[in-house]
Amino acid sequence: MDYLSKRIAVLPGDGIGPEVCGEAVRVLKAVAERFGHHFTFDYRLMGACAIDATGVPLPDATLDACHRADAVLLGAIGDPKYDNDPTAKVRPEQGLLGLRKSLGLYANIRPVVAYEQLLQHSPLRPDRIAGTDLIIFRELTGGVYFGEKGRLPDGTAFDNCTYNREEIARIAHRAFQAAQGRRQKLTLVDKANVLETSRLWREVVQGIAPDYPEVAVDYLFVDNAAMQLILNPRQFDVMLTENMFGDILSDEASVIAGSLGLLPSASIGDSAALFEPIHGSYPQAKGKGIANPIAAILSAALMLDHFGLPEEAYAVRAAVQNALNEEVLTPELNAAMRYTTEQVGSFIAYGVMDLAECRFHQSNIRAGMSTII
Ligand code: IPM
Ligand code: MG
């Protein structure tokens, strides 16, 4: 077994970002300890905290550290003081978008699983969502997010949506490859009945499909896809879509999992990778110890997959599964016990070290011990 040495840039960000990131780092440290790897953590500012400290959301020092790192771990960014001010010149989100563009993170991968133990927490009927296991491949560096935008002299505002063949093909190949290793079904979501860019997506995907003969491809308009996702999410395996449709559909899909606090994501480019929970900075919960760290921890598992460490990633997922089984979960999923962010993170980190011991320790938490590790 080769022991790895990896440099991880950590951008805790705003709101609950630092709390959930802290637990993901705790779990990565447990992985390093158990498997003998060497991870270093390089903490940097990004988002509203960076604006407050430096005047810009993505300082050069942060960007440099991310370029030098083997992977980036991000908590969450955003602060209400910027949300309701349409005239704000600097915004935390500019940091994230700038980072995605600069690192060339064109493929955003968002797995959505309906956990058996949490079916009753979803507002959707359990019989509809049970067994859902899908993955959204969202294009992340093109489309309306990055097209020319501005105001005309008459006051009209515009945001252009553009895609070229290469931008579509590179993420389509990744989505087809993922489908090959899963249930071999790929659904392209677009609005080809209206948008020219969507017609190009269809053309390019139809051109690529013969390279993956075992993958069945179908096409859905985004409005119908939004409905199908709620009506019958089990029909989906890999969903491939452009930037903004993917942004919207992935929030919608998160409802299936029972909590936004469970969904991880990976953003991959040809030479960089970033891992972050899909939830936002949830400023109302900041510092209260109630934020669910599982999405951040599962994002760390995706990072381990990316490092080519499947056994380690499996250990993290098994420890998360154990926390779900034992209901060592934050208050939105276990209102009776009210475990804190740190208790849940520590329980999972302990599970990575040794699952049998972890069950033992669980009785200690129930007995009211606050520190497990
Ligand atoms: C996401 C977020 C971001 C996006 C925001 C914070 C810019 O909603 O990662 O889904 O729209 O991409
Ligand atoms: Mg979003």
Side-chain angles (χ1 to χ4, degrees), residues 11-18 20-21 24 45-51 56-58 62-63 66 72-86 88-112 134-147 149 159 161 163 167 171 189 222 225-226 229 239-257 259-269 272-284 286 291 295-296 298-299 302-303:
L11 315 181
D14 310 317
I16 59 167
V20 297
C21 231
L45 293 173
M46 207 260 287
C49 60
I51 300 177
V56 293
L58 178 60
T62 300
L63 195 53
C66 292
V72 181
L73 177 68
L74 172 68
I77 54 133
D79 190 292
K81 72 181 171 206
Y82 300 97
D83 289 348
N84 300 322
D85 177 7
K89 288 275 180 291
V90 283
R91 299 174 169 280
E93 291 77 8
Q94 291 162 341
L96 183 57
L97 297 178
L99 190 61
R100 288 172 178 170
K101 196 69 173 176
S102 171
L103 295 178
L105 305 173
Y106 59 82
N108 182 226
I109 301 164
R110 298 184 166 183
V112 179
L134 62 88
I135 182 161
I136 298 177
F137 273 69
R138 167 191 175 194
E139 201 290 328
L140 204 58
T141 53
V144 72
Y145 272 61
F146 291 96
K149 54 186 79 230
D159 296 278
C161 183
Y163 271 109
E167 286 171 320
I171 185 169
V189 176
V222 62
L229 201 50
M239 299 179 92
L240 168 64
T241 192
E242 63 92 62
N243 202 344
M244 181 134 95
F245 296 160
D247 178 45
I248 298 168
L249 290 178
S250 58
D251 264 30
E252 186 191 1
S254 73
V255 178
I256 297 167
S259 167
L260 199 55
L262 293 173
L263 296 189
S265 80
S267 301
I268 310 279
L274 176 148
F275 302 85
E276 60 173 317
I278 86 152
H279 60 69
S281 59
Y282 191 13
Q284 305 83 342
K286 179 182 175 168
L298 290 174
S299 301
L302 291 174
M303 180 187 291

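In what follows, every heavy atom counts, from backbone to side chain, and hydrogens, waters and symmetry copies are set aside. For ligands, and for the atoms within them, numbers begin at 1 and follow the listed sequence.
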I278 vs D251 side-chain heavy atoms within contact, under 4.5 Å: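 A side-chain contact under 4.5 Å exists here.
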Ligand-residue contact atoms, ligand 1 with R138, heavy atoms, under 4.0 Å: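 So the atoms of ligand 1 that pass are 1 (C), 4 (C), 9 (O), 10 (O), 11 (O), 12 (O).
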Ligand 1 atoms in contact with R110 (distance to a heavy atom under 4.0 Å):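 Under 4.0 Å from R110, ligand 1 has these atoms: 1 (C), 9 (O), 10 (O).
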Check: T141 side chain, K101 main-chain N or O, donor-acceptor pair, under 3.5 Å: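 A pair under 3.5 Å: no.
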Side-chain donor or acceptor of T62 paired with backbone N/O of L45 under 3.5 Å: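 Yes; at least one donor-acceptor contact below 3.5 Å.
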Selection from N243, D247, L74 by shortest heavy-atom distance to atom 10 (O) of ligand 1: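 That would be D247.
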Heavy-atom proximity to atom 3 (C) of ligand 1, best of R100, E93, E276, Q94: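 Answer by nearest heavy atom: R100.
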Protein contact to atom 4 (C) of ligand 1 [nearest heavy atom, distance to 0.1 Å]: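 For atom 4 (C) of ligand 1, the nearest protein heavy atom comes out as Y145 OH, 3.4 Å.
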Among I268, L74, L298, side chain to side chain contact (heavy atoms under 4.5 Å, CB included) partner for F275: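 Only one of I268, L74, L298 forms a side chain to side chain contact (heavy atoms under 4.5 Å, CB included) with F275, namely I268.
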Residue of the set D14, L58, V72, V56 for which side chain to side chain contact (heavy atoms under 4.5 Å, CB included) holds with M46: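 Of all the options given, the one that passes is L58.
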Stepwise side chain to side chain contact (heavy atoms under 4.5 Å, CB included) test for C66 and L11: CA-CA 9 Å; C66 292; L11 315 181; 3.9 Å; yes
Rounded distance (nearest 0.5 Å) linking atom OH of Y145 with atom CD of E242: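 If I round to the nearest 0.5 Å, the distance is 9.0 Å.
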Gap separating the CD1 atom of I135 from the CG atom of L240, nearest 0.5 angstrom: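 With rounding to 0.5 Å, CD1 (I135) is 11.5 Å from CG (L240).
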For the Mg ion (ligand 2): protein N/O/S atoms at distances below 2.8 Å: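 That number is 1, waters not included.
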